[in-house]
Amino acid sequence: MTTIRLHNTRTRSKEEFIPIDPDNVRMYVCGPTVYDRAHLGNARPVVVFDVLYRLLKQVYGAGHVTYVRNITDVEDKIIDRAAERGIAIDELTRTTTDWFHQDMAALGVDYSADAGFREPKATEHIGGMIAMIEDLIANGNAYAAEGHVLFRVRSYADYGKLSGRSVDDMIAGARVEVAPYKEDPMDFVLWKPSSDDQPGWDSPWGRGRPGWHIECSAMSLALLGESFDIHGGGIDLQFPHHENEIAQSCCAHPRGQFARYWLHNEMLQVEGKKMSKSLGNFFTVRDLLDQGVPGEVIRFVFLSTHYRKPMDWTEAKAAGARRTLRKWYEQTTDDTGAGEVDPAILRALSNDLNTHEAIATLHDLSTRGESAALAASLRFLGLLGESAPEWAAESPVDAGTTALIEQLLAARAEARKSRDFARADALRDGIAAAGVIVMDSASGSTWDLGPDFDLAKLEALK
RNA sequence: GGCGGGUUGGCGGAGAGGUUACGCAGCGGAUUGCAAAUCCGUGUAGACCGGUUCGAUUCCGGUACCCGCCUCCA
């Protein structure tokens with residue numbers, strides 16, 4: 001069996017992956033808070049852990065891997081956004097969840113027909129959260145105060161271990177919320193009271209709603225148990241979100257191990273800078289798709305940088321990815337689906353998800369002309385569906401334009417035949433200047449529209 | 001201030017204690033009436049200073065610079 005090695009944030013080292021139960025490998029990844037379209041950064045962990053899921057299914061068998069990625073549909077940002085838009089909360093969360101599914105499907109992440117994937121919603125697990133909070137209070141790890149329930153950070157000796165912090169260090173430069181009901185400024189909220197106009201559930205502490213971190217602890221427990229294999233997410237979640245998850249889960253279920261391997265992807269940048277609304281370089285996956293950037297291209301760009309390094313999204317990379325994919329799609333048009341995933345691809349991914357090396361292998365397969373293996377490998381990486389996507393086909397143009405181009409090419413061929421090279425070259429240069437890319441071969445000329453196609457220039461050549 | 005990560009050839013971006021990364025661009029060649037496309041060939045780079053070693057870009061220490069998190073943004 002292929003040995004998978006993964007970098008475990010918990011131990012800060014690359015370790016051999018040994019599942020608790022090879023017949024049921026279990027992975028949890030923090031999913032979106034559904035209040036708005038997913039931005040490009042949101043998509044990175046989705047794609048990264050999709051690759052890991054594919055690898056796990058390949059190695060352990062499709063029926064032996066459970067992947068849980070939650071939907072957080074109760075959160076103050078959701079309340080605020082629904083109020084701004086004047087719509088009901090469940091309408092906002094439902095619409096946003098649909099958007100998320102559509103946008104991620106465009107990136108090759110579609111689990112609508114995947115039996116091993118689970119997508120729990122926080123609002124469906126409120127009971128589990130309340131039960132866990134009660135356990136924490138009973139164990140002395142949490143306390144109720146003024147309608148709130150807070151986690152007593154000092155009661156968990158290992159708090160801060162994942163992110164390499166000590167509570168005392170954090171207090172120093174701390175920008176933590178100080179509240180009169182807190183025993184310690186580092187204590188974080190498990191439950192908070194809701195006013196009448198806020199969503200709330202009845203609880204032993206009055207009507208209220210959960211804090212941000214408890215839902216992942218409750219949902220992973222419900223679907224994966226006290227101990228499971230892999231927990232993933234963006235590195236920004238390492239602290240405090242994952243730290244708090246560990247504290248909650250390990251204190252509520254001291255005999256469980258919670259997650260054994262912690263994987264974190266690095267952040268995304270845009271043209272060398274952090275993506276932020278203030279810099280004006282903030283955009284969603286949908287924005288890119290609407291601009292005509294294919295989902296496969298976005299996925300390819302993601303995969304070209306190792307997940308533990310910051311990834312810089314640039315126009316140049318997108319353009320290069322598009323060219324490369326198009327070339328490979330043309331090379332695999334006759335594919336019958338009989339090819340096998342190249343073992344080098346699996347080796348690369350098994351080495352801490354070295355997707356960049358996997359892409360290098362694709363280049364190698366392409367150069368060697370092994371198109372069947374190339375197609376199978378592309379599919380495995382989620383870069384090719386049943387057939388090549390439409391955007392990679394001949395640029396769609398109307399019949400009149402096609403006829404005009406064919407006519408001009410015929411005129412050029414005629415001029416060449418009669419050795420009127422001045423006219424042939426003039427036509428060639430004119431066609432190129434109009435943005436039509438002509439490729440000659442022994443059997444004739446083929447053509448394609450370039451990005452700067454200009455019909456007016458073409459018509460002027462008539 | 002605390003914690004974590006990074007610094008590789010023109011650009012992007014990997015692996016490996018001693019052998020070609022790969023891609024893009026460039027250059028040379030083949031091909032072509034000339035081109036484009038294609039094919040072949042071509043690049044000894046590893047922030048700086050020390051240390052370990054027969055040998056380090058790869059291990060260890062330090063310096064500089066950059067980035068992220070600590071502001072419920074993945």
Side-chain angles (χ1 to χ4, degrees), chain A residues 9 12 29-33 35-36 38-49 69 72 75-77 160 162-177 186 188-189 211-213 232-244 264-269 272-277 282 300-301 303-312 314 316-317 319-321 323-324 327 347-348 351-352 354-364 366-367 369 412 415-417 419-422 424-425 428-429 431-432 436-442 445-448 450:
Chain A
T9 311
R12 287 167 179 68
V29 173
C30 293
T33 299
Y35 69 102
D36 204 349
H39 67 248
L40 195 61
N42 292 316
R44 193 175 187 200
V46 174
V47 171
V48 165
F49 292 103
R69 190 191 62 205
T72 295
E75 217 269 337
D76 287 3
K77 277 200 299 283
L162 177 72
S163 51
R165 302 154 195 252
S166 74
V167 175
D168 292 323
D169 284 346
M170 285 184 277
I171 299 284
R175 277 178 277 189
V176 291
E177 187 188 356
M186 286 305 294
F188 59 91
V189 172
W212 177 42
H213 314 290
I235 188 68
D236 58 320
L237 292 182
Q238 184 189 25
F239 185 90
H241 184 57
H242 291 159
E243 203 71 72
N244 292 354
H264 291 102
N265 61 277
E266 252 293 347
M267 311 302 279
L268 176 125
Q269 299 188 322
K273 293 183 176 142
K274 182 181 175 174
M275 182 163 79
S276 71
K277 286 177 179 164
F282 183 95
F300 185 101
V301 172
L303 265 39
S304 65
T305 298
H306 186 88
Y307 78 94
R308 285 198 294 114
K309 289 208 167 180
M311 202 219 75
D312 195 15
T314 64
K317 281 186 186 176
R323 277 196 302 274
T324 301
K327 178 178 135 190
R347 273 201 303 277
N351 182 16
D352 197 29
N354 194 334
T355 50
H356 187 89
E357 192 179 314
I359 287 176
T361 300
L362 295 177
H363 280 292
D364 191 41
S366 171
T367 304
R412 169 167 164 261
R416 291 173 74 193
K417 204 172 168 187
R419 305 193 69 78
D420 182 356
F421 295 126
D425 289 355
R428 183 194 72 210
D429 293 343
I431 293 168
V436 179
I437 300 158
V438 176
M439 287 152 289
D440 292 337
S441 71
S445 301
T446 59
W447 57 272
D448 193 9

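All of these numbers come straight from a predicted model, not from anything done at the bench. Naming convention: chains lettered A, B, ... in sequence-line order (proteins, then strands); numbering from 1 in each chain. Reckoned from all heavy atoms, side chains included, excluding hydrogens, waters and symmetry mates.
A:Glu243 and A:Ser163 form a side-chain donor-acceptor contact under 3.5 Å, judged by distance and modelled atom types alone.
At the heavy-atom level, A:Arg308 lies nowhere under 4.0 Å from the strands shown. Within the nucleic acid shown, A:Arg412 comes within 4.0 Å of at least one base atom, counting heavy atoms only. Among the protein residues, A:Gly41 comes within range of the nucleic acid bases, having at least one heavy atom under 4.0 Å from a base atom. Counting any heavy atom pair closer than 4.0 Å across all strands shown, A:Asn244 reaches no nucleic acid atom. Residue-level contact check: A:Leu268 touches the bases, meaning some heavy atom is under 4.0 Å from a base atom.
Residue A:His306 contributes atom NE2, which lies 17 Å from atom C1' of B:rG12 at whole-angstrom precision. The OH atom of A:Tyr307 sits 14 Å away from the P atom of B:rG5 (whole-angstrom rounding).
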Would you write out the dot-bracket form of RNA chain B, 5' to 3', with Watson-Crick and G-U pairs under 3.5 Å, [ ] for crossing pairs, | for pairs to other strands and . for unpaired bases?
(((((((..(((.....[...))).(((((.......)))))....(((((..]....))))))))))))....
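Taking every side-chain heavy atom of A:His363 into account, B:rG23 is the closest of B:rG15, B:rC69, B:rG23. With B:rG13, B:rG15, B:rA74 as the candidates, the nucleotide lying closest to the side chain of A:Asn42 is B:rA74. Proximity note for A:Arg12 (side chain, C-beta onward) versus B:rC69, B:rG33, B:rG4: the nearest is B:rG4. For A:Thr367, counting side-chain heavy atoms from C-beta on, the closest listed nucleotide (B:rC40, B:rC34, B:rG4) is B:rC40. The side chain of A:Asn351 lies closest to B:rG15 when the candidates are B:rG15, B:rA74, B:rG4. Looking at the side chain of A:Glu75, the nearest of the listed nucleotides B:rA14, B:rA74, B:rC72 is B:rC72. Of all nucleotides listed (B:rC72, B:rC34, B:rA14), B:rC72 comes nearest to the side chain of A:His213. Side-chain proximity of A:Asn265 to the nucleotides B:rA37, B:rC70, B:rA74 is greatest for B:rA74. Checked against B:rC72, B:rC67, B:rA21, the side chain of A:Gln269 finds its nearest nucleotide in B:rC67.
Counting heavy atoms from C-beta outward, A:Met267 and A:Asp236 have side chains that approach closer than 4.5 Å.
Remark: the separation of the P atoms in B:rG62 and B:rG6 is 15 Å, to the nearest Å. Taking atom C1' in both B:rU19 and B:rG55, the straight-line distance is 14 Å, to the nearest Å. Between B:rA74 and B:rC39, the distance separating the two C1' atoms is 44 Å to the nearest Å. Taking atom P on both B:rA30 and B:rA36, the two are 14 Å apart, rounded to the nearest angstrom. A distance of about 13 Å separates the P atoms of B:rU44 and B:rC22, rounded to the whole Å. For B:rG23 and B:rU42, the C1' atoms lie 16 Å apart once the distance is rounded to whole Å. B:rU7 and B:rG13 have their C1' atoms separated by 13 Å, with the value rounded to a whole Å.
Between A:His213 and A:His241, the ring planes are tilted. Angles from 30° to 60° get that label.
Using a 4.0 Å cut-off, no side-chain N or O of A:Lys317 falls inside it from OP1 or OP2 of B:rC11. A:Lys309 has a side-chain polar atom (N or O) that falls below the 4.0 Å cut-off from OP1 or OP2 of B:rU7.
Judged by closest nucleotide on RNA chain B, A:Arg323 is the one of A:Arg323 and A:Val438 placed further toward the 5' end.
The backbone N or O of A:Met311 sits nowhere less than 3.5 Å from a side-chain atom of A:Glu266 that would complete a donor-acceptor pair. Under the 3.5 Å distance criterion, the side-chain polar atoms of A:Asn354 are matched with a main-chain donor or acceptor of A:Glu357. At distances below 3.5 Å, not a single donor-acceptor pair connects side-chain atoms of A:Glu75 with backbone N or O atoms of A:Trp212.
Note that NE2 of A:His306 is 4.0 Å distant from CG of A:Asp352, once rounded to the nearest 0.5 Å.
Side chain A:Arg428 to base B:rC34: a donor-acceptor pair is found below 3.5 Å. One can find a donor-acceptor pair under 3.5 Å joining the base of B:rA74 and the side-chain atoms of A:His39. Within 3.5 Å, no donor on the side chain of A:Asn354 pairs with an acceptor on the base of B:rG15, nor the reverse.
When the side chain to side chain donor-acceptor pair (under 3.5 Å) test is applied to A:His264, the partners found at least two apart in sequence or on another chain are A:Thr9, A:His242.
Crowding of A:Arg12 atom CZ: a count of heavy atoms from other residues, nucleotides or ligands under 6.0 Å exceeding 12.
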